[in-house]
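Below is one structure; the comments refer to it alone.
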Amino acid sequence: MVAYRPLGWVARYLALLAPLVCTVAAAPPDDHRVVLYYQTGLGTDTTHVSLLPLIEAEPTISATHVLIAALHLIDEDGGIHINDLPPNDPAFDTLWSEVAQLQAAGVKVMCMVGGAAVGSFQRLDGDEASFEKYYGPLHDLIGAHNIQGLDIDVEEQFSLDGVIRLIDRLKADFGDDFAVTLAPVASALTEGGGNLSGFNYFDLEARRGSSIAFYNAQFYFGWGNAASANDYESIVDDGFPANKVVMGLLSNPANGNGFVPLDSQAPVLQELVSENGNFGGVADWEYFNSLPGGADAPYQWASWMAEHMVAARQMERREISSSEAFWRGVRKLGRRVRREGKKAYHSYIA
């Protein structure tokens with residue numbers, strides 16, 4: 001009879017996790033992104049919220065990416081809208097002028113397609129003739145305004161082959177420097193986690209990871225908790241590299257459920273940056289009323305985030321303890337069991 005040693009399996013498991021601990025601690029430094037979604041206030045009427053303070057109000061430009069939201073592919077009115085209007089509507093004259101100024105200052109300006117309003121990806125998921133019909137206006141908008149990337153926010157059913165076709169076409173038409181990003185809910189980047197997109201992000205990363213610049217993961221509305229580092233760490237533990245995962249945050253409690261006050265966000269950023277030298281950065285939903293400045297000075301969110309990430313990066317790197325690595329491994333195993341259970345269930349009922 002073999003004697004039972006309750007801690008023996010723990011020691012063996014920790015030994016297997018040792019390479020993970022060393023890899024995380026030795027991650028190379030990276031410039032952490034500061035991404036701003038810009039939807040409310042992008043017209044030229046009295047509600048316009050200017051982007052220019054991002055490059056004029058402070059001595060250092062903190063924003064790295066501005067994402068114009070949201071593009072919708074439709075059946076009328078030229079086939080494409082920015083929110084409720086076609087892109088060439090005079091309401092956007094000021095927007096396009098400011099876009100050019102941001103780009104000249106070094107800020108990358110992209111567009112976001114999709115989001116909560118469904119329909120765009122259903123239209124792009126048809127046969128080749130249908131794809132060309134709906135892709136054409138998107139292609140023309142990108143070219144007309146020198147848009148530097150596209151954020152694909154899929155919150156409806158879209159096939160894996162469909163999203164791959166879109167990514168491949170964007171890269172073929174606009175080149176390797178054109179940034180393709182995606183905006184999944186955070187849980188979709190974990191084994192067996194909730195997902196709104198219809199395709200599996202692990203499968204997408206395996207097949208087209210080299211074409212995807214990063215993921216703007218939504219850590220709000222119950223899909224991820226930004227008040228702790230745990231959910232972000234779960235994504236990294238499950239295989240997505242930290243430099244490709246941007247933590248999407250609500251910039252104001254008025255913007256939805258899941259806002260984390262800045263004084264509570266600071267230690268989370270410190271932990272993430274200190275453990276992941278190549279931390280992917282942060283994104284806000286959305287720009288117009290971002291704290292701490294609010295509607296009067298929304299640009300201050302970008303500088304606040306950049307300053308706190310820089311400060312965390314300059315601190316001594318934090319090693320992951322053996323016990324923490326062990327429990328992260330246990331959580332990862334649980335997520336994998338959950339994912340395989342879901343796959344088995346769907347195969348059973350198919």
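One-based numbering along the sequence shown. Only this structure's heavy atoms are used, side chains among them; waters, hydrogens and symmetry mates stay out. Since the structure is predicted, the reported quantities are computational estimates derived from the model, not experimental observations.
- A chain of hydrophobic side-chain contacts below 4.5 Å, direct or via other Ile, Leu, Val, Met, Phe, Trp or Tyr residues, connects Tyr37 to Phe221.
- Between Tyr201 and Phe199, the two ring planes are tilted [angle within 30° to 60°].
- Counting only distance, with no hydrogens or angles, the side chain of Gln265 and the backbone of Ala227 share no donor-acceptor pair below 3.5 Å.
- A side-chain donor-acceptor contact under 3.5 Å links Ser251 and Ser290.
- By the criterion of side-chain heavy atoms lying less than 4.5 angstrom apart, applied directly or through intervening Ile, Leu, Val, Met, Phe, Trp or Tyr residues, Leu42 is grouped together with Leu85 in one hydrophobic cluster.
- Each of Val113, Val163, Leu73 was evaluated against Phe121; a single residue qualifies, Val113, per the side-chain contact (heavy atoms from CB on, under 4.5 Å) test.
- Glu271 places no side-chain N or O within donor-acceptor distance of the main-chain N or O of Ala266, the cut-off being under 3.5 Å.
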Handout entry: From CA spacing to verdict: side-chain hydrogen bond (donor to acceptor under 3.5 Å, both in side chains), Asn289, Asn255
Key = CA-CA 9 Å; Asn289 63 350; Asn255 297 345; 3.0 Å; yes
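- Side chains of Ser159 and Asp125: a donor on one and an acceptor on the other come within 3.5 Å.
- Leu138 and Leu166 make their closest contact through CD2-CD1, 4.4 Å (heavy atoms, listed as atom of the first residue, atom of the second, distance).
- Between Tyr287 and Tyr299, the ring centre distance reaches or exceeds 6.0 Å.
- Using a distance-only test at 3.5 Å, with no hydrogens or angles considered, no donor-acceptor pair links the side chain of Asn216 to the main chain of Gly248.
- Ring pair Tyr232/Phe279: centre-to-centre distance below 6.0 Å.
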Exercise for the section: Take His65 and Met110 through the side chain to side chain contact (heavy atoms under 4.5 Å, CB included) test and state the conclusion after the steps. Expected result: CA-CA 7 Å; His65 300 73; Met110 304 169 55; 3.9 Å; yes
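- When the shell of 6.0 Å around CG of Asp177 is examined, it contains 12 or fewer heavy atoms from other residues, nucleotides or ligands.
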Exercise for the section: Apply salt bridge (Lys or Arg N to Asp or Glu O under 4.0 Å) to Lys133 and Glu128, showing your working. Expected result: CA-CA 9 Å; Lys133 172 184 176 181; Glu128 289 301 320; over 6 Å; no
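- A 6.0 Å sphere centred on CG of Asp75 holds more than 12 heavy atoms belonging to other residues, nucleotides or ligands.
- In this structure, a donor-acceptor pair under 3.5 Å is present between the side chains of Tyr135 and Asp173.
- In this structure, the ring of Phe92 has its center no less than 6.0 angstrom from the ring center of His48.
- With Pro87 as reference, Ile82 is the one residue of Ile68, Asp140, Ile82 to meet the side-chain contact (heavy atoms from CB on, under 4.5 Å) rule.
- A distance-only check finds a donor-acceptor pair linking the side chain of Glu286 to the backbone of Thr40 [under 3.5 Å].
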Problem - Residue pair Asn276, Asn243: steps toward the side chain to side chain contact (heavy atoms under 4.5 Å, CB included) verdict - result: CA-CA 8 Å; Asn276 304 277; Asn243 67 344; over 6 Å; no
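- Of the possible polar contacts, one joining the Lys244 side chain to the Ile212 backbone as a donor-acceptor pair under 3.5 Å is found.
- For the pair Tyr134 and Ile74, the tightest heavy-atom approach, listed with the atom from each and the gap, is CE2-O, 3.6 Å.
- Ring centers of Phe259 and Tyr220: at least 6.0 Å apart, outside the cut-off.
- For Asn200 (side chain) and Asp203 (main-chain N/O), a donor-acceptor pair under 3.5 Å exists by modelled atom type.
- Judged purely by atom type and a 3.5 angstrom limit, Ser187 uses its side chain to pair as donor or acceptor with the backbone of Gly194.
- The backbone N or O of Leu52 lies less than 3.5 Å from a partner atom in the side chain of Ser50, making a donor-acceptor pair.
- Side-chain contact of Gln148 with Gln103: a donor-acceptor pair under 3.5 Å is present, judged by distance alone.
- Side-chain atoms of Arg208 never come within 3.5 Å of backbone atoms of Leu204 as a donor-acceptor pair (strictly under, hydrogens ignored).
- When atom types are taken as modelled, the side chain of Tyr38 and the backbone of Gly41 share a donor-acceptor pair closer than 3.5 angstrom.
- Note on Leu249: it does not cluster hydrophobically with Val260, by side-chain heavy-atom contacts below 4.5 Å among ILVMFWY residues.
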